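Every value quoted in this text rests on a predicted model; they were computed, and no experiment measured them.
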Amino acid sequence: MKKYIFMLLLLLLLCLLSACVTPQFVNHSKPAEDAIFVDPMLEEEAGEKGDSEESPNAAEKESVFELALITDGGDVTSGGMNQSAWEGVAAYGAAFDVSCLWYQPEEASTTAFSASIAEAVKNGARLVICSGPLFEAAVYEAQYAYPETSFICIDCSPTSSTGDEQCASNVYSMYFNEEQIGFLAGYSAVMEGYTRLGFLGAMAIPSIMGYQAGFLQGLDQASRDRGVEVEVIMGYTGGFMATAETQNLASTWYLNNTQCIFACGGEIASSVMVAAEAAGTVVICSDFDLYRASDSVVTSAIKNIKTSVFNGINAFYTGTFPGGQILELSAGQSAVALAMDHARFVNFTKNQHNELLTLLGSGELNVRSVDSTNPDWAALVSPSVTIHME
């Protein structure tokens, strides 16, 4: 009798499940069973259907989400900064049973970012992580509008539309030394054997130009170490999204005998990968290890965003939050590196990479920055490197 009752209950449960809209949980870090990881876009869809007790999203909609990640307009599954930052948030939420939610603004604008921050605060966020250099103005306004909420800014600091930079006590700005990461990318590419290279950035902003400056200096150092001449073509796509225009530009470069392109900024690497695959060439990615995305990825110049975000959240909850501070994380804090475990190099070795990291971490190897308002790229290289601007 008990067996039949059990089977009846099981059939009833399956029927109920098939009648409901099942929420999709965003999970990159094997969370605890009761940790909350919900795609906000699915929450919105559930809200449009109504908030009846039958809706499996109703409980989540009424929950408080203490940790919030605001993306730069992209999602958290396409690689790059958004995914790495979300993995840090999700890992902390899973480890300490803290609810977390990510928000995808309607567009990459201060107005859209501010709307997402407001929504996160409305949903109970105590700490908001803002992903990327386009958040300067939105966080500048938010730090005063929501003094009880804390913020972590990745690759930006609060700056008003008139250029006033003020980091309030509820904001921690973390930067990464792009010059060092770019140096590693450039040096490794030439030591691998490439002598015709490209640098394709999303926009001419300080973080991207830091990669660019380091890349040039890495090319130059390796060209002198190998005794070879190097050519590099440089340009910008004008945005962080993957587009047909970016793919076409990269294809043109590859057809003109560019052997390897260093793609920096959001999702543009996806477009470059497609072009590299078609041309039988390679790409170096930035920010996040994208080796799974394509066999054309020879390596990735990574910022350890996941761990840095995790540590920033932990500082918030343990009372050591570096509010009011703008910090640069570098090789000395193990915050930058090439993704050598998944690299597809033949000639450049992990030992060479680690030796460079040691020199960078100790300060013995110094990589210069440029004036982002008037960069003098030629001053960063010797005559062994020829620069072409697109």
Side-chain angles (χ1 to χ4, degrees), residues 69-74 81-82 85 103 105-118 120-121 127-182 199 201-214 234-241 264-266 268 286-287 303 305 308-309 312 321-330 367-377 379-380 389:
L69 171 71
I70 314 296
T71 76
D72 60 3
M81 183 178 295
N82 293 323
Y103 298 79
E106 292 184 358
E107 61 181 13
S109 69
T110 297
T111 300
F113 295 154
S114 296
S116 292
I117 291 173
V121 173
L127 178 62
V128 177
I129 296 89
C130 297
S131 176
L134 301 180
F135 275 89
E136 289 185 339
V139 176
Y140 182 88
E141 299 168 359
Q143 66 185 346
Y144 301 118
Y146 312 108
E148 301 302 317
T149 304
S150 294
F151 297 87
I152 292 177
C153 302
I154 305 172
D155 276 343
C156 74
S157 56
T159 306
S160 71
S161 57
T162 58
D164 179 30
E165 184 180 58
Q166 293 289 334
C167 189
S169 60
N170 58 335
V171 178
Y172 161 36
S173 291
M174 66 167 66
Y175 284 91
F176 294 81
N177 193 313
E178 287 96 0
E179 286 81 4
Q180 289 184 347
I181 320 174
F199 177 89
M203 305 173 82
I205 57 177
S207 60
I208 300 297
M209 296 169 83
Y211 274 126
Q212 191 171 1
M234 305 192 301
Y236 306 100
T237 66
F240 288 82
M241 298 294 105
C264 294
I268 69 169
S286 66
D287 295 334
K303 302 173 180 179
I305 294 172
S308 299
V309 167
F321 188 69
Q325 297 188 47
I326 302 172
L327 303 178
E328 182 179 77
L329 308 178
S330 63
V367 186
R368 291 172 289 164
S369 59
V370 293
D371 179 358
S372 59
T373 60
N374 187 28
D376 185 357
W377 302 117
L380 298 176
M389 291 298 300

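How far CG of L127 is from CD1 of I152: 4.5 Å, rounded to the nearest 0.5 Å. Interatomic distance, L380 CG to R368 CZ, rounded to the nearest 0.5 Å: 5.0 Å. Separating the OG atom in S109 from the CG atom in L134 is a distance of 9.5 Å, to the nearest 0.5 Å. The OH atom of Y175 sits 8.0 Å away from the SG atom of C153 when rounded to the nearest 0.5 Å. Atoms CE and CD1, on M203 and I208 in that order, are 9.5 Å from each other to the nearest 0.5 Å. Note that CD1 of I205 and CZ of F240 are 3.5 Å apart. Values are rounded to the nearest 0.5 Å.
At least one side-chain heavy atom of Q212 sits under 4.5 Å from a side-chain heavy atom of Y236. In this structure the side chain of F135 never reaches within 4.5 angstrom of the side chain of I129, judged on heavy atoms. L327 is not listed as a side-chain neighbour of M174, based on a closest heavy-atom distance of 4.5 Å or more. Counting heavy atoms from C-beta on, the side chains of T71 and P105 come closer than 4.5 Å. For the pair K303 and E178, the minimum side-chain heavy-atom distance is below 4.5 Å. Between F176 and S308 there is a side-chain heavy-atom pair separated by less than 4.5 Å. Between E136 and F113 there is no side-chain heavy-atom pair separated by less than 4.5 Å.
Looking at residues two or more places apart in sequence or on another chain, you find a side chain to side chain contact (heavy atoms under 4.5 Å, CB included) between D164 and Y140, S160, T162, Q166.
Considering all non-hydrogen atoms of both residues, A112 and E107 come closest at CB-O, 3.2 Å. Shown here for W377 and M389, the closest heavy-atom pair between the two residues is CD1-SD, 4.4 Å. Here the shortest heavy-atom pairing between G214 and V367 reads CA-CG1, 3.9 Å. For C264 against I268, the heavy-atom pair with the smallest separation is O-CD1, 3.4 Å. Here the closest heavy-atom approach between residue Y103 and residue A120 is recorded as OH-CA, 3.5 Å. Nearest approach of E141 to S114, heavy atoms of both residues: OE1-OG, 3.6 Å.
The side-chain contact (heavy atoms from CB on, under 4.5 Å) test with C130 singles out one residue from I154, L69, V171, I117, and that residue is I117.
E328 and N177 share a side-chain donor-acceptor pair at under 3.5 Å. Side chains of E165 and S157: a donor on one and an acceptor on the other come within 3.5 Å.
For S173 (side chain) and C156 (main-chain N/O), a donor-acceptor pair under 3.5 Å exists by modelled atom type. A distance-only check finds no donor-acceptor pair linking the side chain of D155 to the backbone of P133 [under 3.5 Å]. Judged by distance alone, with hydrogens and angles left aside, the side-chain atoms of D72 form a donor-acceptor pair with the main-chain N or O of G74 at under 3.5 Å.
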